[in-house]
Amino acid sequence: MVSNFENYTRYLVIVLFALFLAACETVPKESATSSATSSTSSTSAVEIIDGVYVGSDTVEMLAIDVPDRIFFAYDSYSLTKAAQNTLEKQAKWLKANGSATIAIEGHADERGTREYNLALGDRRANAAKDYLMTQGISSSRVTTISFGKERPVNSGSNKKAWAQNRRSVTVRTN
Amino acid sequence: MRKLLLYLIPLILFTNISYALIEIDITEGNREPLPLAISEFFHDNNSEIIDKKITENIRTVISDDLERSGLFSSIDDKAFIQNNRAMHLKPRFADWRLIKAQGLLTGELAIEDNRLKVEFRLWDTFAEKEIEGLVLITTIDNWRRISHMIADKIYERLTGEEGYFDTRIVYVAEEGPKNKRIKKLAIMDQDGANHKFLTSGKELVLTPRFNPVRQEITYLSYFKNLPRVYLLNIQTGIQEVVGDFPGMTFAPRFSPDGGKIIMSLAREGNSDLYVMDLTTRVVERLTDSPAIDTSPSYSPDGKRITFNSDRGGSQQIYVMDSNGRNQKRISKQGGNYATPVWSPRGDLIAFTKFFQGQYFIGVMRTDGSGERLLTENWYQEAPSWSSNGRVLIFYRETKANSAGDGHSSSIWSIDLTGFNERKIITPVDASDPSWSKLIQ
């Protein structure tokens, strides 16, 4: 009578797992060594250096020759020379427009968990804010907000899109 | 939520259980599902039951619940030899064995004083015994919950583990293009029924989590462009901001007693962990590192907390005492780790792992040993446990092409064994799922 139940008697089986080693499609992690990714566009200009977007697509101007955004390397919030240069232009513009107030939006690419990316976006926005403060801009004129990976500027899932999305954007609030 | 009036009356079991009855070892993983015959629920031609198709619906809900668990298969009723009301009193066991049914579920329905009375019996066709039986009485509209509760009873009787079918999922419903995504909180029964949007989509909302003891959700809202942790009472719809913090609060989760919320606070570029007592409103700071500390989750006894930090140079999983002492890294198999969530059984921590360009959902013991990766994909994260700690739900995204098309987001479930991976159907795209405890 119990023969058919033998399959169902209680085993203490430790389930071993194949660790997916075979089928791993290896996508190289962005790093300094995978730098200088050439653009496939007709201009064939170098658009990403050391994981940081250096092109001008998506960039808008707060005023003539005052770009609104800076770009970051993967999982990084350090400011490149180009980013510092842009922020110096923003500081100059803020000094020339003493009543202007701004919000700095921090963003991350989609290759990271949502909550960590919120923290990372906050880091990036504050890295930009701190640099503006070193340029003599009062912190009372600057608010920050992190959007994590929630507001990509490029909806693609490729290196260029991710590089364009790793950014902080300065937005005038008055 | 509708008020539930429910009475459970155990049936008298005819025999004592003394020898091998059907049971399933759910730690086993990839095994053949146990064939069950689930009969229709008989009644005295009651028009209200017939009009609402309750007979067939109850049977379908129970059958679908059990089949989705991957542990049971439901035998097509066309194969039934005995198919009349008599089986509920005395099944012809030989007939059921002939169609390979190991277990048989029979039931009766009645309407008494405007209430639905459901009686079921679970029979072991080989031992020729009734092994479970119950009468449930509720309002007629509650037939779905009754069905889930019966499925839970059957699961519990045959696996020895608590069921998880009378539960709900709260998640973020997503619509529109990636760069202008509209996100709303949504709630549904575990099987997708009773779907309801909880917010309008006007504000960006993220990461809802159930209170383990109350009909309440905590989540992140960008209301007035100030990202803060909020509370939402599911019954009243009332939302309130949690605390008065000087920066973005995010990654909220309730303590096991439902009385506290643990979360991250970002100040000047640095995210640390804080806990707030919802009664006294007292806030306590738990971590103080210059790194990102986020995604905290309590152990079920409330004594420890696991969280995500990049203090060592990369995203890893840490545990600490609930007062913030004894912070220690536990993830160590290489790669980046995120979103640790403590199992309701206490023995495991589920996580997201990012390794060589792929995302994995996995589990490890609370000291970091015994890491097992359950599923690999291009992008997936944010596991949430079933109430019995046997199943995980998480969300998965597909890759977009260079025009941004092809992106989608959906909720999936997988057994702790790594088997039985299933997509959970939602009306629109879905992310950030959180699974409730059994509804009280």
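In the text below, chain A, chain B and the rest are named by the order of the sequence lines, each starting its count at 1. In this text the structure is predicted, and so the values were computed from the model without any measurement. Every heavy atom of this structure was used, including side-chain atoms; hydrogens, water molecules and symmetry mates were not.
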S.K.: Would you confirm whether S157(A), through its side chain, and A400(B), through its main-chain N or O, come within 3.5 Å as a donor-acceptor pair?
M.R.: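 Yes.
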S.K.: Quick one: does R114(A)'s side chain have a donor or acceptor within less than 3.5 Å of a partner on A382(B)'s backbone?
M.R.: no
S.K.: Between N179(B) and P152(A), what is the shortest heavy-atom contact and its length?
M.R.: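 For N179(B) and P152(A), the tightest heavy-atom pair comes out as CB-O, 3.1 Å.
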S.K.: Check step by step if side-chain contact (heavy atoms from CB on, under 4.5 Å) holds for N158(A) and K399(B).
M.R.: CA-CA 9 Å; N158(A) 54 64; K399(B) 207 169 178 167; over 6 Å; no
S.K.: Is there a side-chain contact between P227(B) and I145(A), using heavy atoms and a 4.5 Å cut-off?
M.R.: yes
S.K.: Quick check for you: among G106(A), S155(A), A161(A), which has the greatest number of heavy-atom pairs under 4.5 Å with chain B?
M.R.: S155(A)
S.K.: Heavy-atom distances under 4.5 Å only: say whether Y395(B) touches chain A with side chain, backbone, both or neither.
M.R.: side chain
S.K.: Counting only non-hydrogen atoms closer than 4.5 Å, does T144(A) touch chain B with its backbone (N, CA, C, O), its side chain (CB onward), both, or neither?
M.R.: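 Interface part for T144(A): neither.
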S.K.: Chain A heavy atoms under 4.5 Å from E174(B): which part of the residue, side chain, backbone, both or neither?
M.R.: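 Side chain of E174(B) only, per the 4.5 Å heavy-atom cut-off to chain A.
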S.K.: Is there a side-chain contact between E115(A) and T207(B) in this structure, where contact means two heavy atoms from C-beta onward sitting under 4.5 Å apart?
M.R.: yes
S.K.: Is chain B contacted by the side chain of S139(A), its backbone, both, or neither, given a heavy-atom distance below 4.5 Å?
M.R.: neither
S.K.: Would you say Y379(B)'s side chain and G112(A)'s backbone share a donor-acceptor pair under 3.5 angstrom?
M.R.: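 Side chain of Y379(B) to backbone of G112(A), a donor-acceptor pair under 3.5 Å: yes, one is there.
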S.K.: More than 12 heavy atoms of other residues, nucleotides or ligands under 6.0 Å from CD of E421(B): yes or no?
M.R.: yes
S.K.: Is it true that E110(A) and R181(B) have a side-chain N and a carboxylate O under 4.0 angstrom from each other?
M.R.: no
S.K.: So, D310(B) and Y116(A): side-chain donor and acceptor under 3.5 Å apart, yes or no?
M.R.: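 D310(B) vs Y116(A): donor-acceptor pair found between side chains.
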S.K.: Around atom NZ of K92(A), are there more than 12 heavy atoms from other residues, nucleotides or ligands closer than 6.0 Å?
M.R.: no
S.K.: So, for S402(B) and N154(A), which heavy atoms are closest and what is the spacing to 0.1 Å?
M.R.: O-OD1, 4.3 Å
S.K.: Using a heavy-atom distance cut-off of less than 4.5 Å, which residues of residues 118-134 of chain A contact chain B?
M.R.: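 Against chain B, the residues of residues 118-134 of chain A that fall inside the cut-off (heavy atoms, under 4.5 Å) are L118(A), A119(A), L120(A), D122(A), R123(A), N126(A).
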S.K.: Please determine if E381(B) and R111(A) form a salt bridge, counting it only when a charged side-chain N lies under 4.0 Å from a carboxylate O.
M.R.: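 Result for this pair is no, no salt bridge flagged.
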S.K.: Given heavy-atom pairs under 4.5 angstrom as the criterion, report whether the side chain, backbone, both or neither of D405(B) touches chain A.
M.R.: neither
S.K.: If I take atom CG from residue L226(B) and atom OG1 from residue T143(A), how far apart are they, to the nearest 0.5 angstrom?
M.R.: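 Here the interatomic distance stands at 9.0 Å.
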S.K.: Please report the closest heavy-atom contact between Y74(A) and F354(B), naming both atoms and the distance.
M.R.: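 Shortest heavy-atom separation between Y74(A) and F354(B) comes out as OH-CE2, 3.1 Å.
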S.K.: Within this structure, what is the OG1-CG distance for the pair T113(A) and N308(B), rounded to the nearest 0.5 Å?
M.R.: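 Rounded to the nearest 0.5 Å, the OG1-CG separation comes out at 6.0 Å.
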S.K.: Please classify the contact between Y77(A) and chain B as side chain, backbone, both or neither, with a heavy-atom cut-off of under 4.5 Å.
M.R.: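 When you check distances to chain B, no heavy atom of Y77(A) falls under 4.5 Å.
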